[in-house]
Amino acid sequence: MAKTRKSARVPSNTPVVQDQNLARGEGGELHQIASGKTPVLTTAQGGPVSDDQNSLKIGPRGPTLVEDFHFREKIFHFDHERIPERVVHARGYAAHGYFENYKSLAKHTRADLFQRAGEKTPAFVRFSTVAGSKGSVDLARDVRGFAVKLYTREGNWDIVGNNIPVFFIQDAIKFPDLIHAVKEEPDCAFPQAQSAHDNFWDFISLTPESMHMVMWVMSDRAIPRSFRFMEGFGVHTFRLVNAKNESTFVKFHWKPKLGLQSVVWNEAVKINGADPDFHRRDLWTAIKTGNFPEWELQLQLFDQDFADAFDFDILDATKIIPEEVLSPVPVGRLVLDRMPDNFFAETEQVAFMTQNVPPGIDFSNDPLLQGRNFSYLDTQLKRLGSPNFTHIPINAPKCPFAHFQQDGHMAMRNPVGRANYQPNSFGEGPRESPQRGFTPFADAQNGAKRRLRAESFADHYSQARQFFISQTEGEQAHIAAALTFELSKVKIPAIRERMVSHLLNIDETLARKVADKLGLLKMPKPADAAVPTRQDLQPSPALSIVENGPERFEGRKLGVLVSDGLDAGILKALRGALDKAGATYEIVSPKVTGVKASDGSWVEADQMIDGGPSVLYDAVALLPAAEAMSDLLIESSARDFVADAFAHCKFIGYVEAALPLFEKAGILPDQFDEGCIALTSAKLSKSFVDGLSELRVWSREPKVKLP
Ligand code: HDD
């Protein structure tokens, strides 16, 4: 006879998660455990739950009953937790903040948010990568989304931009092809979050209009150090329209207060392993510690005559107007100062739409923008599942609104009263306002209805070249290396050759370098160009990251490698100087608990060496004591810490005891350069931090020969 087992009822002694809505809800007393403030767990219908650890069964081991409505509701809800991820820009991270207007722009626009100096408009900004899925890594080589929702008094305005001011294609009808090509290949479902594969480069090499964007994506712009150090761009030409119905063309630029900074590719690859959430963590930490990231909104403003003077079309999203040709005007600042309370409710459910513009902002005929204006509304219905997605708080306007839209899934706010239409004879409900309402700029249109690409869109190489020649030598080398790496992952030789044939139209030295590194047996002919590449465009220093880097170490992080017996005076001096500079640091130690310093004080660690490789820091300081060296020298992670910091051209402060670590990392004394700084006194430690404003020792790069 089978032995009868004793029934074991798991006690409900685990901590109860506080449900804020419940705590605020009606009937609070009924729903509180008698002994204290802990709320009683309920079903979604509000019924109190007696046991959340065991499903309802017959007998202790018996079948589970369908009658268990709490179990069914809980599992049903769990089964439906996911909504479709965004087709593109699935991986993102967002924050709340505000836009503050500097001075009235009434001359150019009637948009309410630009009328008064000091006016603050609530904002929600979502940064993203494009190609990877929701769970992919942060440091993929990719464009970054920079989508800004401004809750203005005249409705929501979404500037759905990127960190790159141009785009791959000129017409929205090509968007599905571009995205299919860059995403994982449909038969094998890899590679994830990577453009380094045949399908992407096949499409690109057959799409010459993408060449300008390709130069940007192969530059370090596609591997930013953090969202806080990237520019944002509205990309398209838009219009500002004033109260007299006069239009001015405009391009939107967000300039980070901290300057521009990116990582190097070898570092990006390692960051993805060490901390796939590197960008998320960076934004979260900055905001939670009160270091609110800030961008200045700058506008390039111009009229039709100015536009007509270019030989490219201002409606072509593969073109920029160089800042040296038309200076952007600063008009306000965007500050991010609050993380969402809940990732899903806000960051996941936020719905950006290019067609969300307030009166005073208008579209141009850019065919990419026109297509986007259709796509975004459509995608929100699919993703959020109901036309009532504007009822979700993150999407709802913060200004008064009134309309007759009603019913549908999840309707939260139906119009009240009898009349749900207009005109009506009850005098009920809202009416349109010709004065206040959005009136499109009355731009006269004519022409035959045809599927055509204008000839003014035909120059695909001149600005690609201009971007390339605007980079410093080191940045150009990074572009060549990125192209080589990506094309080395392409298996079909004809695709590689086709790409080199386009590069020949951009810069011959670049093409030859890539061809050589790829080992191409013979040079292809330059690709046929509809318009020959202009050689007379001047370099634009505004396009270089290095030329527009930060001026201080503010907002950055020092990794401090320590051991028992470290010099307490030097650490104190470093900490003081970092605080003063508005920078942060992490203590990286052999054990995660920490170490005992020379004066007997305890120094708590933030990371074990394994968990805190130097790729996570902007610069490093090596403060081990001589007595710990024998242990450190056999730790490969300690060796990598130094080797990588050196190879990634970082500033390295060191105490004398750390010298054997350099040797172990293969760095000989004659390789020491101005970026290797001996910290022999507290005073020198302070000046080390002052010197970190330059961020990287680029002069070291040709010597370390990073791939
Ligand atoms: Fe797009 C999302 C930016 C072209 C269709 N796009 C999306 C997001 C950003 C951009 C930042 C993420 C918004 C968020 O954080 O939720 N997209 C751009 C830029 C483009 C561009 C700067 C070119 C200048 N996009 C583009 C075209 C189409 C789309 C041509 C379609 C015709 N984009 C979408 C979309 C997405 C989207 C499928 C996916 C999820 C979403 O909209 O809400 O509708």
Side-chain angles (χ1 to χ4, degrees), residues 83-96 123-134 142-150 156-183 207 209-210 212-213 216-217 221-222 224 227 230-238 251-254 279-280 283 314-320 336 340 343-356 363-364 366-385 389-390 392 394-395:
I83 59 174
E85 66 172 35
R86 289 166 174 83
V87 185
V88 281
H89 298 266
R91 181 166 179 83
Y93 211 55
H96 292 273
F124 189 68
V125 181
R126 184 173 180 274
F127 304 102
S128 47
T129 52
V130 178
S133 67
K134 216 178 139 226
D142 201 351
V143 185
R144 297 300 181 289
F146 194 121
V148 182
K149 189 179 280 293
L150 296 164
N156 293 349
W157 177 23
D158 297 348
I159 310 178
V160 198
N162 281 341
N163 73 332
I164 290 179
V166 286
F167 203 61
F168 291 103
I169 47 170
Q170 297 173 320
D171 191 313
I173 200 168
K174 295 305 298 166
F175 192 67
D177 300 295
L178 166 73
I179 300 305
H180 288 178
V182 71
K183 286 239 175 198
T207 309
E209 72 205 55
S210 66
H212 187 192
M213 178 76 163
W216 285 79
V217 177
R221 298 262 177 172
F227 303 133
M230 338 183 285
E231 286 178 296
F233 301 94
V235 181
H236 313 280
T237 297
F238 289 84
K251 279 181 172 275
F252 300 109
H253 302 239
W254 298 105
H279 285 164
R280 289 187 168 191
L283 190 66
I314 54 121
L315 302 181
D316 173 357
T318 68
K319 303 296 184 296
I320 58 162
L336 297 182
F343 178 84
F344 183 86
E346 297 163 79
T347 311
E348 198 54 14
Q349 293 199 114
V350 67
F352 290 95
M353 301 196 287
T354 47
Q355 65 270 41
N356 279 355
F363 313 111
S364 69
D366 176 339
L368 199 66
L369 176 60
Q370 299 274 323
R372 293 180 74 193
N373 286 347
F374 163 76
S375 179
Y376 288 74
L377 179 61
D378 203 36
T379 215
Q380 306 314 343
L381 180 63
K382 168 73 186 166
R383 239 169 50 75
L384 299 168
F389 67 87
T390 55
I392 301 172
I394 195 68
N395 295 324

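Below, all heavy atoms of this structure are taken into account, side chains as well, without hydrogens, waters or symmetry copies. Owing to the predicted nature of the structure, the values given are computational and were not obtained by experimental measurement. Remember, it's 1-based here, ligands and their atoms both numbered in the order they're listed.
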Nearest protein heavy atom to [atom], by residue and atom, and its distance?
atom                    : value
atom 16 (O) of ligand 1 : Arg86 NE, 2.8 Å
atom 13 (C) of ligand 1 : Phe352 CD1, 3.8 Å
atom 22 (C) of ligand 1 : Asn162 ND2, 3.1 Å
atom 14 (C) of ligand 1 : Arg126 NH1, 3.2 Å
atom 41 (C) of ligand 1 : Thr379 CG2, 3.4 Å

Would the distance check show the side chain of [X] and the main-chain N or O of [Y] forming a donor-acceptor pair, the cut-off being under 3.5 Å?
X      : Y      : answer
Asn163 : Phe146 : no
Lys251 : Val235 : yes
Thr129 : Asp142 : no
His279 : Pro224 : yes

Please walk me through it: do Trp157 and Phe238 pass ring pair (Phe, Tyr, Trp, His ring centres under 6.0 Å)?
CA-CA 13 Å; Trp157 177 23; Phe238 289 84; 8.0 Å; no
Close side-chain approach of Phe175 to Phe168, heavy-atom, < 4.5 Å
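SC-SC contact between Phe175 and Phe168 ruled out.
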Check whether any side-chain heavy atom of His89 lies under 4.5 Å from a side-chain heavy atom of Val130, and answer yes or no.
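Heavy-atom side-chain distance check passes, below 4.5 Å.
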Provide the tally of protein N/O/S atoms nearer than 2.8 Å to atom 1 (Fe) of ligand 1.
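Every protein N, O or S atom under 2.8 Å from atom 1 (Fe) of ligand 1 counted, the figure is 1.
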Do any nitrogen or oxygen atoms of Gln380 lie less than 3.5 angstrom from nitrogen or oxygen atoms of ligand 1?
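Between Gln380 and ligand 1, an N or O pair is found under 3.5 Å apart.
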If you measure from each non-hydrogen atom of Met353 to ligand 1, which part falls under 4.0 Å: side chain, backbone, both or neither?
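For Met353, no heavy atom sits under 4.0 Å from ligand 1.
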Could you see which bit of Arg383 sits under 4.0 Å from ligand 1, with heavy atoms only: side chain, backbone, both or neither?
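No part of Arg383 comes within reach of ligand 1.
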Quick one: do Lys174 and Asp171 make a salt bridge, cutoff under 4.0 Å?
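Salt bridge: no.
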List ligand 1 atoms under 4.0 Å from Gly161, heavy atoms only on the residue side.
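The atoms of ligand 1 under 4.0 Å from a heavy atom of Gly161 are 11 (C), 22 (C).
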Near His236, which atoms of ligand 1 are under 4.0 Å from a heavy atom of that residue?
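Within the 4.0 Å cut-off of His236, ligand 1 contributes 24 (C).
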Do we see a donor-acceptor contact under 3.5 Å between the side chains of Thr354 and Asn373?
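Yes, because at least one side-chain N or O of Thr354 sits under 3.5 Å from a partner of the opposite role on Asn373.
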Going by atom types alone, do Arg372 and His236 pair a side-chain donor with an acceptor below 3.5 Å?
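Side chains of Arg372 and His236: pair found under 3.5 Å.
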For Lys183, all residues meeting side chain to side chain donor-acceptor pair (under 3.5 Å), sequence neighbours excluded:
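Partners of Lys183 by the side chain to side chain donor-acceptor pair (under 3.5 Å) criterion come out as none, since no residue qualifies.
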